[in-house]
Protein chains: 2
Amino acid sequence: MSISSRFAVGIHILTLIEFNKEGVTSSEFLASSVNTNPVVIRKLMGMLKKSGLIEVHPGIAGAKLAKELSDITLFDVYKAVNVVQENELFSIHESPHPDCPVGRNIHNTIEPLFTAAQLAMEKVLRSVTLEDVVKDVATKENIS
Amino acid sequence: MSISSRFAVGIHILTLIEFNKEGVTSSEFLASSVNTNPVVIRKLMGMLKKSGLIEVHPGIAGAKLAKELSDITLFDVYKAVNVVQENELFSIHESPHPDCPVGRNIHNTIEPLFTAAQLAMEKVLRSVTLEDVVKDVATKENIS
DNA sequence: TTTACCTGTAACAATAACTATTACATGTAA
DNA sequence: TTACATGTAATAGTTATTGTTACAGGTAAA
């Protein structure tokens, strides 16, 4: 099991919009950099737009960031592209047997533990902004 | 996307083996409490056995814990049932375009961030033992 | 107003993982 | 030998993911 690459692609899209901010960042341009189909990009652009991360308009080529780089965290992207639902990173088996002491309590015991683990992961995502990502890409680019 | 319920079921199995330690915990007995097919349980028992968490023998009914409760963490179970591979909680799109400054660096930029998030989640799993789970189930059982 | 090109989106297919199930080989002990 | 357990291969249904074609609808320049 892995979390959908929509998340990584979403980050890629936003980062490239920033890098190409003087130019026109169309779905085809993005698709070429990501190496996927433009429709995949447009679907993701729709999600990013819906979450207020980018501005994009029918008929007009190019997407722009709708917020400051430092105001967009990886968690914002993660939520926007809908890869993991709240409290559902871990799935729990349905309807264990209520006649068993373990069966009737295990869900309530496990759930807060799973939630805590998920929140710890998400906390890391909240601590990283797109500005961090853009700067790191720029640094790697200049070094090499 | 959700992490397979094998993890939750694995915890259920180990917890029930402990609760039923005076009796015989067969795959059928476990399957009844979990509410699934005994073959599903036997596959999981195979994984838990392979990781040294339980003892179970062909032809002989019943599984036993192979370690102290306090010596088994949720992380041990998580690894045993193989729900998430190392460094693969988040998937990253393959082969972005090398002619693009973002395309050729995004993987190296994102990867350590994803790894850090995954490790934070796993750290929580390492901090909880089966003893904690068993005690919590017992407490809930006594309250109600 | 026609043309060219963009975004938005529905429909569909291939793939992979998950879960449940049947069937049966193999091991153990009464 | 019988009864019953674990171990495991094969298979099916379901769902999510990713990619693709097709086309509706918006915009702007010729």
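Note that this is a predicted model, so its numbers are computed, not measured. So that the names make sense, note that chain A is the first sequence line, chain B the second, and so on, each numbered from 1.
- When the side-chain nitrogen and oxygen atoms of B:Ser4 are compared with OP1 and OP2 of C:dT19, one or more of them lie within a distance under 4.0 Å.
- Scored by the salt bridge (charged side-chain N to carboxylate O under 4.0 Å, His left out) test, B:Lys64 finds no partners at all (sequence neighbours excluded).
- At the heavy-atom level, A:Lys49 lies under 4.0 Å from the strands shown only through sugar-phosphate atoms.
- For the pair B:Ser5 and C:dT19, the criterion of a side-chain N or O lying under 4.0 Å from OP1 or OP2 is met.
- The CD-P distance, from A:Glu28 to C:dG8, rounds to 15 Å in whole Å.
- When rounded to the nearest whole Å, the span between CE of B:Met1 and P of C:dT15 equals 23 Å.
- Residues B:Ser27 and B:Arg42 bring a donor and an acceptor atom of their side chains to less than 3.5 Å of each other.
- Residues A:Ala117 and A:Phe90 come closest through the heavy atom pair CB-CE1, 3.9 Å.
- Side chain of B:Gln118 to backbone of B:Leu89: a donor-acceptor contact under 3.5 angstrom is found.
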### Task
Scan nucleotides 20-26 of chain C nucleotide by nucleotide, 5' to 3', and note B when protein non-hydrogen atoms come under 4.0 Å of the base, S if they reach only the sugar-phosphate, - if neither.
BBBB---

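- Side-chain polar atoms of A:Thr139 and A:Asp136 form no donor-acceptor pair below 3.5 angstrom.
- Open room surrounds NZ on B:Lys123; 12 or fewer heavy atoms of other groups in view lie less than 6.0 Å from it.
- In this structure, CD1 of A:Ile92 is placed 17 Å from P of C:dC18, rounded to the nearest angstrom.
- For B:Ile41 and D:dG7, the CD1 to C1' distance is 14 Å, given to the nearest whole Å.
- Heavy-atom neighbours of B:Lys135 NZ from other residues, nucleotides or ligands within 6.0 Å: at or below the threshold of 12.
- What separates NZ of A:Lys50 from C1' of C:dT9 is a distance of 13 Å, to the nearest Å.
- One interatomic measurement links the two molecules: CD1 of B:Ile60 to C1' of C:dA29, which rounds to 9 Å at whole-angstrom precision.
- Here the C1' atom of nucleotide C:dT19 and the CG atom of B:Leu30 are 17 Å apart, to the nearest Å.
- Distance, A:Ile3 CD1 to C:dA16 P: 20 Å, rounded to whole Å.
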